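What you see is a predicted model, and the numbers here were worked out from it, not measured in a lab.
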Amino acid sequence: MDDARSDLLTVIAGIGGILIFASILGWLLARRYSPHGENSAIENLNDRIRAWWVMALSLSLAFLGGHAGVTLLFLLCSFAALREFMTLTNATRADHNTLAAAFFVVLPVQFWLIWINWYGLFSIFIPVYVFLLLPIVSALAGETRNYLIRIAEMQWALMICVFCVSHVPAILNLNMPAGRGVLLIAFLVIVVQLSDVLQYVWGKLIGRRKIAPKLSPSKTVEGFVGGSLSATLIGTMLWWMTPFTPLQAAGMSLLITMMGFAGGLVMSAIKRDRGVKDWGHSIAGHGGFIDRLDSVLFAAPIFFHVTRFYWKLG
């Protein structure tokens, strides 16, 4: 436990050092090229750095809080993400009871199942029981206009914003030495989020061929390859945070960076369909909670189940 906490503090210190460097760099760029806020790119960069400070502090406090801290943080993130998603759906007044059930029954029950480590139920509660029972609640309201669309949107919102998010604190329930679960979550978040950043950087530097210009004009083949390989290399170097060997850490890093990229594309497609640029404006420079969680949303369930079954940690 002491070794795990020492490793966690090392990780937090490393992240803090990177953010201090980024903050100094951002300040110098702003002083030189945007003294009066006229350069939008530099202003956006500094907004992002400030937002990363808030997110890094929140994650650090949650990690230091252990099981309770991590579960509470991602429960709150899940609630905020679900709220953002629901604001873009076709829900009507007739769906009041369904929405209430989603926010105040389904969400807390899912995280309670994580808290008590009831794997057999938490893994099927939303995909099976909620999938079948929630449409009944809406049907009883008697409103048939756009019924299928409304139900599909709510089910998809719960899968993305609650079911997928809940797999992050579920990692703490894997059968590992005390304190190592938090490090495994840190590994997941660091690799996936760095992949996002590095794909953006590589895309700006050498990006030419766009992957899906209608969904996300900034995503390029060169950015995807460069960012994924760079994040995979970093993940390989962080193998000591995990139960993996360096080679296994490389494979897992590549897997979650690819899933994270796919998650970003899917969530961008939903935004374009709804006609919005960002899911919200809760985080300056980053949009909403879903804009920051989109890659983790798709990576977390795959990471959890592959780790649980392949390394027999269930």
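Between the side chain of R150 and the main chain of N90, no donor-acceptor pair closer than 3.5 Å is present. No donor-acceptor pair under 3.5 Å is formed between the side chain of W118 and the backbone N or O of W115. A donor-acceptor pair is defined here as one N or O able to donate and one able to accept, closer than 3.5 Å; no such pair exists between the side chain of S228 and the backbone of V225. R209 places no side-chain N or O within donor-acceptor distance of the main-chain N or O of V221, the cut-off being under 3.5 Å. Without hydrogens or angle criteria, D196 side chain to S295 main chain gives no donor-acceptor distance under 3.5 Å. The closest donor-acceptor contact from the side chain of S78 to the backbone of F74 lies at 3.5 Å or more, if one exists at all. Side chain of T89 to main chain of M86: a donor-acceptor pair is present (N/O by atom type, distance under 3.5 Å, no hydrogens or angles).
Other residues, nucleotides and ligands place no more than 12 heavy atoms under 6.0 Å from the CE atom of M258.
Residues W53 and S23 have side chains that bring a donor and an acceptor to within less than 3.5 angstrom of each other. Under 3.5 Å, the side chains of T245 and W239 contain no donor-acceptor pair of N or O atoms.
For K210, the side-chain hydrogen bond (donor to acceptor under 3.5 Å, both in side chains) criterion is met by no residue, not counting sequence neighbours.
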Test log, rule side chain to side chain contact (heavy atoms under 4.5 Å, CB included), inputs I185 and L59: CA-CA 10 Å; I185 292 177; L59 282 170; over 6 Å; no

Side chain to side chain contact (heavy atoms under 4.5 Å, CB included) evaluation trace for I149 with Y147: CA-CA 6 Å; I149 294 174; Y147 174 78; over 6 Å; no

Worked verdict on F224 versus I211 for side chain to side chain contact (heavy atoms under 4.5 Å, CB included): CA-CA 9 Å; F224 168 63; I211 294 178; 3.8 Å; yes

Verdict with supporting geometry, L107 and L75, side chain to side chain contact (heavy atoms under 4.5 Å, CB included): CA-CA 8 Å; L107 189 153; L75 184 150; 3.9 Å; yes

CA sep, side-chain torsions, deciding dist, call: E222, R208, salt bridge (charged side-chain N to carboxylate O under 4.0 Å, His left out): CA-CA 7 Å; E222 295 82 2; R208 297 292 182 273; over 6 Å; no

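Between S230 and W202, some side-chain heavy-atom pair lies under the 4.5 Å cut-off.
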Per-pair distances, 0.1 Å, donor-acceptor, side chain in residues 260-270, under 3.5 Å, sequence neighbours excluded:
from	atom 1	to	atom 2	distance (Å)
S268	OG	G264	O	2.9

For residues 120-142, which side-chain donor-acceptor pairs fall under 3.5 Å, sequence neighbours excluded?
from	atom 1	to	atom 2	distance (Å)
S123	OG	Y119	O	2.9
S138	OG	D95	OD1	3.3
S138	OG	T98	OG1	2.6

